[in-house]
Amino acid sequence: MNDNKKPKRSPNDSSVLGCILLGALLISTVAALIAGSFVSQGRKNPIENLMLAIRDGFTEAEEEDPDEWEDMWGDDDPWSDTEGLDTTTEPITEAPQTVSPPVTTEGEETSADVTETSVEPVATTDGGVTDSAESQTVTAADTSTLPETTLPPATEPPITEPPVTRPPETEPPVVDPDRVNDPDYFKDVLFIGDSRTVGLATYGKIDGATYFARTSMSVGNAFADKKSETEKSGLNLEEFLTKYKFGKIYILLGINEIGYSYNWITSRYEKVLNKIRELQPDAIIVIQSNMHVTKAKSDSSPDTFNNTRIDELNRRIAAFADNKTVFYADLTASFDDESGAMNPAYTGDGVHLRAKYYELWRNWLTEKGKR
Amino acid sequence: MNFSSLNFIFLFLPVFVLLHTLTRGTVRNFLLFAGSAVFYTFAVGGKAEMLLLLLLSVAVNYMIGLLIADLKERGRKTVFGLGVFFNVLILCLYKYADALLSPLEGPLSSFLSADVSVSSILLPLGLSFYTFKNISYLHEVYRAKTEPESSLLRYGAYLTMFPQISMGPIQTYSSLRPALIERKVTLSAIGSGAMEFILGLFLKTFFANRLGGVWNGIETVGYDGISTAFAWLGIVAYALQLYFDFYGYSLMASGIGEMLGFTTPKNFDYPYTATSMTDFWRRWHMTLGVWFKENVYFPLGGNRCGKLRHLFNLLAVWLLTGIWHGDTLSFLFWGLFLFAVIAIEKTGILDRVIRHKVFSHVYMIPLILLSWTLFKLPSAADLGVYLSRMFPFFTETPDYVSSQDWMKYVSGMNGAVLLLGLLFCTPLPRRLYEKIKSKPLVVIPLLLALFWYSVYLAACGANDPFLYFTF
């Protein structure tokens, strides 16, 4: 075998150099620690302060985030109205409530939910909110029945054919005769969404549809100046919706921001809907429910990515539907197993469908998702 | 706590190095032992039984070492054999706890009328590594290659030392003995150790953590849903991730060792530039290769015996290498695969390919990728599907497969990381670095920039579900 000696280093070189480097490291670290605690206003221990400060680019609070999380609509703290409820102090043992909530936690849940309701701007449009003092289980059950009872009979969409200009770059895929498909319906459909919709664009093979989707899209950043991953125009969403017209716009957003307060999400959801309406006055909008995650994923994420939160969010965004030009469509059940969580067979990571199973989504869209 | 966590970089390491520099002799070794115990406790998330096992292992092997040195021929052999058996037994018990106990799970649960779960038995961190350190120590004492360690404290420091405890390198006791007894810590050694540490940190955070995204993408989509290009891209990215993760870690370990006054053996020597499988395993995880050579291959007779015996010795080494890397049957097959390739190379029929400047790589790179495919996919069903996607000649491509699915992993920043990763598999960047190393005006800003960029990447990846899990 080769000799195991380290590469030779001449001591003269490294002795001075090493000292300078150590000095520089020390000085920059001290500076960073001080800056970190200054920026974070001493919220945590110095190293966590430093970490937060490094991540947020040494700017105060959430104003400017280096990653894709900038919020286009406002700067209120995404967690502010849920302190002690959604993201922080909820103990792990309480979380998986899909079965039946223990009696001891019910009081806490209830009061928390009422607090939540009182600051919820869109709650008044949904009669169900006042009932939310009941347990989460009931809420979840309500959600699954909601669209069936409130949607009009699936007749013609209440619009005349709008002028459709198709993005020139998306060529129609080859039609497979075995596939459930309806190119006539989907030719003026635009899907907007996060990585789940990116997956639909890649593996759904829906003939004729257009997609504006990108990984980590949220209602906070949907209209950020970013292009989509699924079409080649290079435009951001606002420019895209200005340039091309669609008859039906399907939205699926919410899983990325599910850790934020319901209030934060719904207020931005509403803004997204208003903006789309402004740019596409003649299109109908279909709000797709957020699919569940698997039970394992849900149980492992008591504060964030769990089905209790997803059900509650779906219930709240369903309230935006007026059943005239804005519809809510519940696709959650198509992917659920008996326990009401996403079927583990359909997914690799508990959240995204495997390539093969985007077919289920396509079939659902073709058979039940038309409006 | 691991080397790329901010608590380690900004708290544990500087405080420890400072205290270590200020102390001498026994106190210094006590500090190393105690500090390593603290590090280990944090690294295993406070699981006391894992720390206890480590300490037990220190005590038992320390005593066996002394006993071997004291005894004469027959007893000596017996005690050495028992010592090796003890270490191997513990490793196997933990490794195969699941397989051994899961049939008992049901009956045991009903017998105790409680839920008995064996899946909670985890392989203690670093057990595979420190078991091999123990065995090599006993073997060295047995062969009288070294004096036995007379101080429990020093043996504890040797076995548990935090730079090596979680992922090696598997350093022999004899090579560390002088430094364990007395080591000089200089400011320049700390500085140059810090340089190595920064380079390792950069490789880990910049390459390994990012390249992991490609394989995640493949697992999300499912092996049956990927295009052939994606399948190959996935295994290339995995090969790079594995390398930069382990190489980066080894550089950090070596850097920390240098800061503490130890000389750490090299663990990687540009393995992906290897010209044969034999060559690859001389360059990949080198301390493991040396361990098998010293403790299995040579004692069995190496190549200084009959052809058949030589073949058997090779088989033993590679089966054990396979078993050491994992606990499923697939690792045995992986070991067999390596054995087959190496045995064929030993016959000399591939010599013309291996000695060729270009064809050697044409031969080697796909073979390494294939071997990592076997390594990465422990289930035969998954492996079959994946191979059918890599070589789509015999099966039909399902119609949901998208031929464009790999594009986003090679565009923009992802593509840049991938290309740079390939470049960093060659000795070129290191050669360049050695050239500018004596120019403080270039190298200091460079290292500072690498350091803070790595810290930024580590901070982004840590503890933040909103940045880490984006859907």
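By convention in this document, chain letters (A, B, ...) are assigned in the order of the sequence lines, proteins followed by strands, and residues within each chain are numbered from 1.
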A:Glu359 with A:Arg362: basic N within carboxylate O range, under 4.0 Å |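 Yes, charged N to carboxylate O under 4.0 Å.
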Under the criterion side-chain contact (heavy atoms from CB on, under 4.5 Å), which of B:Ile190, B:Ile256, B:Val185 is the partner of B:Val17?
->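 Only one of B:Ile190, B:Ile256, B:Val185 forms a side-chain contact (heavy atoms from CB on, under 4.5 Å) with B:Val17, namely B:Ile190.
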What part of [X] gets within 4.5 angstrom of chain B, counting heavy atoms only: side chain, backbone, both, or neither?
X: A:Leu353; value: backbone
X: A:Leu25; value: both
X: A:Thr347; value: neither

Which portion of [X] sits near chain A, non-hydrogen atoms under 4.5 angstrom:
X: B:Phe10; result: both
X: B:Gln404; result: neither
X: B:Val401; result: backbone

Quick one: does NZ or CZ of A:Arg196 land under 6.0 Å from the six-membered ring centre of A:Tyr358, within 45 degrees of the ring axis?
->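 No, a cation-pi geometry is absent between A:Arg196 and A:Tyr358.
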Tell me whether the guanidinium CZ or amine NZ of B:Arg283 lies under 6.0 angstrom from the six-membered ring centre of B:Trp281 and within 45° of its axis.
->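 The answer is no, since B:Arg283 fails at least one limit relative to B:Trp281.
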Chain A contacts, top residue of B:Leu447, B:Asn7, B:Ile218 (heavy-atom pairs, under 4.5 Å) |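 Most heavy-atom pairs within the cutoff with chain A belong to B:Asn7.
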Mind checking whether B:Pro398 and B:Arg389 have side chains closer than 4.5 Å, heavy atoms only?
->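 Yes; the side chains approach each other to less than 4.5 Å.
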4.5 Å side-chain heavy-atom contact, A:Phe212 and A:Thr197 =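 Side chain of A:Phe212 against side chain of A:Thr197, heavy atoms only: no contact under 4.5 Å found.
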